[in-house]
Trainee: 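Here it is, the structure in full.
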Amino acid sequence: MSAPKKLFIKTYGCQMNVYDSERMAEALGGEGYVETKSADDADMILLNTCHIREKAAEKVYSELGRFKGLKAEKPDLKIGVAGCVAQAEGEEIMRRQPLVDLVVGPQSYHRLPEMEAKTREGEKVLDTDFPEEDKFEKLKNRPKAKRGPTAFLTVQEGCDKFCAFCVVPYTRGAEVSRPADRILTEARDLVERGVREITLLGQNVNAYHGAGPNGDLTLAQLIWELDKVDGLERIRFTTSHPNDMQDDLIEAHGTCAKLMPYLHLPVQAGSDKILKRMNRSHTAESYIRLIERIRAARSDILISGDFIVGFPEETEEDFQATMDLVEEVKYGTAYSFKYSTRPGTPAAERPQVDPAAADDRLQRLQALLTRQQREVQDGMVGREVGVLFEKTGRLPGQMVGKSDYLHAVHVADCNRDAGELARVRIVSSGANSLAGELIG
Ligand code: SAH
Ligand code: SF4
Ligand code: F3S
């Protein structure tokens, strides 16, 4: 038998890309590839790319340039670009960077084996179709390796919301939900392989409406089905849109013990004028009322958010409205970005904010969000939380895991294995993590 070929995958962007990279590795595993952590000894390099902001795409081009020497040394090395930059600029990548042998969009990963074979014949291959067939079905039944305690599971893809700044509806296509039975089969399989916590993924995960035995299921109904899976201890989901936050999902946060008290609910901005121009179809007020209802269902829930500053025509007053909203909501964690013009999106054509003003606003917003994050984290001290251990720590006997609220927690003198859940009392709060001790 010939030695296995080596595959190096580098993943950028969101968790869906992490999930997709795993599936691509499995698909090529069937063709005799094993993963390597170094590009230097790879027979194939795949960059799984993100197009959400300008720098994300630029990074890909500079990374590709760095493989020039490697390819000169190893003419058989194949280089592929996958993900959202591949979808958006596939042909341009092929033109601009002759090193690239293969371009594959997010909806065509199941065709990778055939594409790889063609590159071995010396062809250049580009596939950025939105095919009819179900790529997830074609990607299943791959070698079943043991897994760590946590996993992502894509349940919904694409987006029909068309926020004025965003490329996702163009790179991932229309919103599609996977049928519930396939998700449950995949979840059971993950649990058999050692997984204890599953994060359900979708660009608009709470718009989930996959087929069930008696009609479509909501995300909450899917969560209740997953709740019945023995051995699965924790369920999370991301990313949600405020407009799809239905009553049964809010209620599940109060009643489903496996559903963790953490919700990523991006608002983007606090000014109604800007929200309208962003095509967000919610107001600051409706978002705040929604958070109140969610907290009424589960008072200790940790709220996470996404923000964009410097969206076209944002004034200082508009920005202040974002700061006010943040003060009111109080976020446990958040991601904030300077608006980045994306070609082909409606906002790209509008008058842009002075970049220095946008930088200044971003700094002020981030200072506030960091302060809040710190306060919420420090507020955990003295509390009892569940922790799912994921790996050993740097100190002897130490284990590291995630709390119910997704904080990293270090526990000393801990006679537990990865994959075990424990009750832990938080004793101190550090820069980016908590320390705790086992209870009982
Ligand atoms: N589907 C999710 C996430 C989309 S992308 C949602 O609807 O929330 C993740 C985040 O990137 C967005 O929430 C937004 O805050 C940010 N983002 C998207 N496009 C952007 C752009 N053009 N410039 C800056 N930030 C952007
Ligand atoms: Fe992008 Fe808006 Fe869709 Fe989120 S809801 S993926 S921000 S278009
Ligand atoms: Fe990026 Fe595509 Fe995800 S643009 S954020 S990799 S959906």
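Counting starts at 1 for both ligands and their atoms, following the listed order.
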Trainee: What is the closest protein heavy atom to atom 8 (S) of ligand 2, and at what distance does it sit?
Mentor: C163 N, 3.2 Å
Trainee: Students should be able to answer this: which protein heavy-atom is nearest to atom 19 (N) of ligand 1, and at what distance?
Mentor: F165 CD1, 3.3 Å
Trainee: Would you mind checking if E116 and R120 are paired as a salt bridge, meaning a charged N to carboxylate O distance below 4.0 Å?
Mentor: yes
Trainee: Do Q156 and S177 meet the criterion of a side-chain donor-acceptor pair at a distance under 3.5 Å?
Mentor: no
Trainee: Please name the pair of heavy atoms, one in S271 and one in T322, separated by the smallest distance, quoted to 0.1 Å.
Mentor: N-OG1, 4.4 Å
Trainee: Under 2.8 Å from atom 2 (Fe) of ligand 2, is there any N, O or S atom belonging to H241?
Mentor: no
Trainee: Can a non-hydrogen atom of M16 be found less than 4.0 Å from any atom of ligand 3?
Mentor: no
Trainee: On a heavy-atom basis, I'd like to know which of R342, Q268, M278 is closest to atom 14 (C) of ligand 1.
Mentor: Q268
Trainee: In terms of residue, atom name and distance, what is the protein heavy atom nearest to atom 3 (Fe) of ligand 2?
Mentor: C159 SG, 2.3 Å
Trainee: At a 4.0 Å threshold, what atoms of ligand 3 neighbour a non-hydrogen atom of Q203?
Mentor: 7 (S)
Trainee: Considering only protein heavy atoms, determine whether one is less than 4.0 Å from atom 4 (C) of ligand 1.
Mentor: no
Trainee: Where is the nearest protein heavy atom to atom 23 (N) of ligand 1: which residue, which atom, and how far?
Mentor: S340 N, 2.9 Å
Trainee: Judged on heavy-atom distance to atom 10 (C) of ligand 1, which of V205, D306, L265 sits nearest?
Mentor: D306
Trainee: Specify the protein heavy atom at minimum distance from atom 16 (C) of ligand 1: its residue, its atom name, and the distance to 0.1 Å.
Mentor: R53 NH1, 3.4 Å
Trainee: In this structure, does ligand 1 have an atom that sits under 4.0 Å from one of the heavy atoms of N204?
Mentor: no
Trainee: Tell me, please: is I308 in heavy-atom contact with ligand 1, that is, under 4.0 Å?
Mentor: yes
Trainee: Has C84 got an N/O/S atom less than 2.8 Å from atom 2 (Fe) of ligand 3?
Mentor: yes
Trainee: We want to know whether D272 and T283 form a side-chain donor-acceptor pair, criterion being a heavy-atom distance below 3.5 angstrom.
Mentor: no
Trainee: CZ/F8 to NZ/K37 distance, rounded to the nearest 0.5 angstrom?
Mentor: 10.0 Å
Trainee: For atom 8 (O) of ligand 1, which protein heavy atom lies nearest, and how many Å away is it?
Mentor: P266 CG, 3.2 Å
Trainee: Find all atoms of ligand 3 within a distance of less than 4.0 Å from any non-hydrogen atom belonging to C50, and give their numbers and elements.
Mentor: 1 (Fe), 4 (S), 5 (S), 6 (S)
Trainee: So if I count the atoms of ligand 3 from 1 in the order they appear, which ones are less than 4.0 Å from some heavy atom of N17?
Mentor: 6 (S)
Trainee: Among all the protein's non-hydrogen atoms, which is closest to atom 24 (C) of ligand 1, and how far away is it?
Mentor: K338 O, 3.4 Å
